[in-house]
Asks: 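Provided herewith is a single structure, encoded as structure tokens, for subsequent inquiry.
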Amino acid sequence: MAIKVYIVYWFVVILISLGSVIAFLNSSSTFPSVAHPNLHLVKVPETLTIEELGALRAPPKSDAPIITPDQLHHADGFVFGFPTRFGMIAAQFQAFLDSTRLLWEEELLQGKPAGIFFSTGCQGGGQETTALTAIPQLVNHGVLFVPIGFTPIRMFETEEVRGGSPYGAGTYAGTNGSRKPSKIELRQAFCQGKCIATITKKLKR
């Protein structure tokens with residue numbers, strides 16, 4: 001049974017790179033063929049001006065389509081990705097979620113599963129708090145938040161620097177966005193993709 005999973009993201013170069021997003025959740029290895037997912041990589045609208053983006057040294061825009069709130073309910077499941085903003089969900093993503101009132105009124109997202117992945121510039125930058133500030137948005141829609149827990153993804157690893165938390169896959173992008181996800185972080189993404197795809201398929205039956 002085919003399932004449709006929307007990978008919805010927003011990024012700024014100083015916190016997360018598009019390469020990190022794609023490496024995390026838009027590869028066939030991340031969403032195992034066991035669930036036969038139909039993936040859609042989409043981005044939320046930008047709220048910063050061209051001048052502001054230039055000051056942040058943001059990279060060229062990706063060619064991923066911009067999603068509108070009315071399109072969201074067509075998915076069977078979601079993975080939401082965003083960088084931190086002072087330990088909280090980025091304003092661009094918050095603005096998008098704020099625009100989903102009509103979906104909320106009609107309960108169109110009720111019962112759909114969703115996972116979260118995130119990026120911070122450094123350790124202590126919000127690997128857990130960023131996810132926590134996004135969960136209330138899901139709860140109010142009746143969306144089923146799907147964490148990844150501690151196992152089997154080496155969350156107890158202390159021998160090397162790694163992002164991520166039981167709330168979702170994560171990475172440290174570095175303060176200039178130059179760091180790429182490590183093997184451990186990519187392993188988290190694989191486990192998260194497998195978890196989301198499997199649960200989404202079960203719920204669609």
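Given the structure is predicted, the values throughout are model-derived calculations rather than measurements.
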Asks: Heavy atoms, side chains only, cut-off 4.5 Å: are Tyr167 and Gln127 in contact?
Replies: no
Asks: Quick one, Ile135 and Ile116 - any side-chain contact, counting heavy atoms below 4.5 Å?
Replies: yes
Asks: Which pair of heavy atoms, one from Ser119 and one from Ala173, lies closest together, and at what distance?
Replies: OG-CB, 3.4 Å
Asks: State, yes or no, whether a side-chain contact exists between Gln92 and Phe82 at a heavy-atom distance under 4.5 Å.
Replies: no
Asks: Side-chain contact test, heavy atoms from C-beta onward, threshold under 4.5 Å: evaluate it for Arg187 versus Arg162 and give yes or no.
Replies: no
Asks: Would you say that Phe80 contacts Leu138 through its side chain, given a criterion of any heavy-atom pair below 4.5 Å between the two side chains?
Replies: yes
Asks: Rounded to the nearest 0.5 Å, how far apart are CD1 of Ile148 and SG of Cys191?
Replies: 7.5 Å
Asks: Please answer whether the main-chain N or O of Ala197 pairs with a side-chain N or O of Thr200 as donor and acceptor at a distance below 3.5 Å.
Replies: no
Asks: Find the distance between OG1 (Thr171) and CZ (Arg179) and round it off to the nearest 0.5 Å.
Replies: 4.5 Å
Asks: Taking all non-hydrogen atoms of both residues, which atom of Thr198 and which atom of Lys194 are closest, and how far apart?
Replies: OG1-O, 2.7 Å
Asks: OH/Tyr6 to CG/Asp76 distance, rounded to the nearest 0.5 angstrom?
Replies: 9.0 Å
Asks: I'd like to know if the side chain of Glu107 reaches the main chain of Gly142, judged simply by a donor and an acceptor atom lying under 3.5 Å from each other, with no hydrogens or angles considered.
Replies: no
Asks: Should Val44 and Ile66 be regarded as members of a common hydrophobic cluster, given that ILVMFWY residues are connected when their side-chain heavy atoms come within less than 4.5 Å of each other, either directly or indirectly?
Replies: no
Asks: Donor-acceptor check, side chain of Thr133 to backbone of Thr130, threshold 3.5 angstrom: yes or no?
Replies: yes
Asks: Between Ser165 and Glu128, is there a side-chain donor-acceptor contact under 3.5 Å, judged purely by atom types and distance?
Replies: no
Asks: Going hydrophobic residue to hydrophobic residue with side-chain gaps under 4.5 angstrom, can you get from Val139 over to Trp104?
Replies: no
Asks: What's the separation between atom CG in Leu39 and atom CD1 in Ile7, rounded to the nearest 0.5 Å?
Replies: 4.5 Å
Asks: Of the non-hydrogen atoms in Pro147 and Pro166, which two are nearest, and what is the gap between them?
Replies: CB-O, 3.3 Å
Asks: Contact between Tyr9 and Leu41 at the side-chain level, heavy atoms closer than 4.5 Å - yes or no?
Replies: yes
Asks: Please name the pair of heavy atoms, one in Ala114 and one in Val143, separated by the smallest distance, quoted to 0.1 Å.
Replies: CB-CG1, 3.5 Å
Asks: NZ of Lys112 to NZ of Lys204: how many Å apart, nearest 0.5 Å?
Replies: 9.0 Å
Asks: If you group Ile, Leu, Val, Met, Phe, Trp and Tyr by side-chain heavy-atom gaps below 4.5 Å, do Ile3 and Leu203 land in one group?
Replies: yes
Asks: Could you measure the distance from the NZ atom of Lys43 to the CZ atom of Phe93? Nearest 0.5 Å is fine.
Replies: 13.5 Å
Asks: Would you say the side chain of Trp10 lies within less than 4.5 Å of the side chain of Thr47, judging by non-hydrogen atoms?
Replies: no
Asks: What pair of heavy atoms forms the shortest contact from Val146 to Cys195, and how long is it?
Replies: CG1-SG, 3.5 Å
Asks: Answer with yes or no whether the hydrophobic clustering places Phe145 together with Leu108; edges join I, L, V, M, F, W, Y residues whose side-chain heavy atoms lie under 4.5 Å apart.
Replies: yes
Asks: On a heavy-atom basis, which atom in Ala169 and which in Gln192 lie closest, and how many Å separate them?
Replies: CB-OE1, 3.2 Å
Asks: Treating Gln137 as the side-chain partner and Gln94 as the backbone partner, does any N or O pair qualify as donor plus acceptor under 3.5 Å?
Replies: no
Asks: Do Val5 and Phe78 have side chains that approach each other closer than 4.5 Å (heavy atoms only, starting at C-beta)?
Replies: no
